[in-house]
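Chain A is the first sequence line, chain B the second, and so forth, proteins listed ahead of strands; every chain is numbered from 1.
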Protein chains: 2
Amino acid sequence: MESIIQAVNNDGPSNLESHLGYWLRLVSNQVSSEFARALSLRNISVAEWTAMRRLYDGEGLKPSDLASSMGMTQGAISKVIDKLEAKRWVDSFDDHFDGRSRVLLVSDAGREAVPTLSKIADQNDVHFFGPLSGRERKAIRKILIHIAEIHGWHEIPTT
Amino acid sequence: MESIIQAVNNDGPSNLESHLGYWLRLVSNQVSSEFARALSLRNISVAEWTAMRRLYDGEGLKPSDLASSMGMTQGAISKVIDKLEAKRWVDSFDDHFDGRSRVLLVSDAGREAVPTLSKIADQNDVHFFGPLSGRERKAIRKILIHIAEIHGWHEIPTT
DNA sequence: TATTGTTATACTCTATAACTATA
DNA sequence: TATAGTTATAGAGTATAACAATA
């Protein structure tokens, strides 16, 4: 086990900095909280952005589809949908095939909003990862995707 | 700007998956929430672990030192210290040089607990990053540290 | 009986600001 | 006046469980 922990100090318990999880959390928290701050200027949460982007491609998703694709519970996704409906970015309709279910559709206003939001996401990426070399960006992307594949997280969390 | 966004679909707004921030968040959230779950079995939060590990090395820190090294406010660190004192892992004393301040010391019980907690952190790292190759682990560590250096986060957040 | 979705409740985490006691 | 630390308050986010409607 010791072998994969990068030893900085051989005496005593492992350092915070010896764990990859520590660096991942440090960088991810900074990148995500800045992204959240940028979105919050428009009163949008990261979960709302993610849901909008998913719905934009996958029109006609049910709340339960959206929840599982985002790694959230149905109770949590229900609140996110409430907020998107309040913004008039999403409309929900009865599912003719299953009376218990709902079908979620992005409204015209929602469809107009997505490119603006995706530009905010683009800018956030450019700000934090632009200073890296192209090789570094390619490498970290590949490794992160590899980790996600190994653990079977293809369509899990985000928020 | 487009150049650093990995285009998956050239039509329309950028994909979630085109952003490095998305993959970073996905992987970090999974790794950190599993770590938090493992610690919570012992009623410990990630912030408490981080504080203990910092105090273990830097004996005699003040609450404000700890707060800034963890990227938390003084109000937030105060609650973390309360919990560590309730566990009898940390004792605080008057600072003879400044009556407003406090000096935080890890107790014997706290000193005994740290190696156990650091093993939990080790195991979490092994679980998530052990399946990578040594080259991949080295590469992602180097790139994450590079990002932290570029943006001046040497001693920032963690929770 | 099981499932979809909503709602009510509670909990954790944290930031902000008011407050106290020193400096 | 400014600073260190605490406390009170509030908000975000989410999980859990109870619930209504439908399968």
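- Comparing dG5(C), dT14(C), dG13(D) by their closest approach to the side chain of K83(A) singles out dG13(D).
- Considering only residues two or more places apart in sequence or on other chains, Y56(A) meets the ring pair (Phe, Tyr, Trp, His ring centres under 6.0 Å) condition with none of them.
- We find that D95(B) and R102(B) are not joined by a salt bridge, their nearest charged nitrogen and carboxylate oxygen being 4.0 Å or further apart.
- Nucleotide dT12(C) holds its C1' atom 15 Å from the CG atom of L39(B), rounded to whole Å.
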Reading 5' to 3' through nucleotides 16-23 of chain D, protein heavy-atom contacts under 4.0 Å coded B for base, S for sugar-phosphate only, - for none = B----BBS
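- Rounded to an integer number of Å, the gap from D65(A) CG to dT3(C) P is 16 Å.
- Remark: S78(B) is in phosphate contact with dT6(D), judged by side-chain N or O atoms under 4.0 Å from OP1 or OP2.
- Side-chain nitrogen and oxygen atoms of S64(A) include at least one within less than 4.0 Å of the OP1 or OP2 phosphate oxygen of dG5(C).
- As rounded to whole Å, 15 Å separates atom C1' of dA4(D) from atom CG of L61(B).
- What separates CG of D82(A) from C1' of dG13(D) is a distance of 14 Å, to the nearest Å.
- Atoms CG (L66(A)) and C1' (dT6(C)) sit 15 Å apart, rounded to a whole Å.
- Checking dT9(D), dT4(C), dA4(D) against every side-chain atom of K79(B), the shortest atom distance belongs to dT9(D).
- Atom-to-atom distance recorded for Y22(A):OH and S32(B):OG is 12.0 Å, nearest 0.5 angstrom.
- As rounded to whole Å, 12 Å separates atom C1' of dG13(D) from atom CD1 of I77(A).
- Atoms CE (M72(A)) and P (dT6(C)) sit 13 Å apart, rounded to a whole Å.
- Scanning all heavy atoms of the two residues, the minimum distance from R25(B) to F35(A) falls at NH1-CD2, 3.8 Å.
- Partners of D91(B) according to the salt bridge (charged side-chain N to carboxylate O under 4.0 Å, His left out) rule, which considers only residues two or more places apart in sequence or in another chain, do not exist here.
- We find the OG-NZ distance between S133(A) and K138(A) to be 11.0 Å, quoted to the nearest 0.5 Å.
- Distance CZ (F35(B)) to P (dC13(C)): 13 Å, rounded to an integer number of Å.
- In this structure a side-chain-to-backbone donor-acceptor pair under 3.5 Å is present from H151(A) to F128(B).
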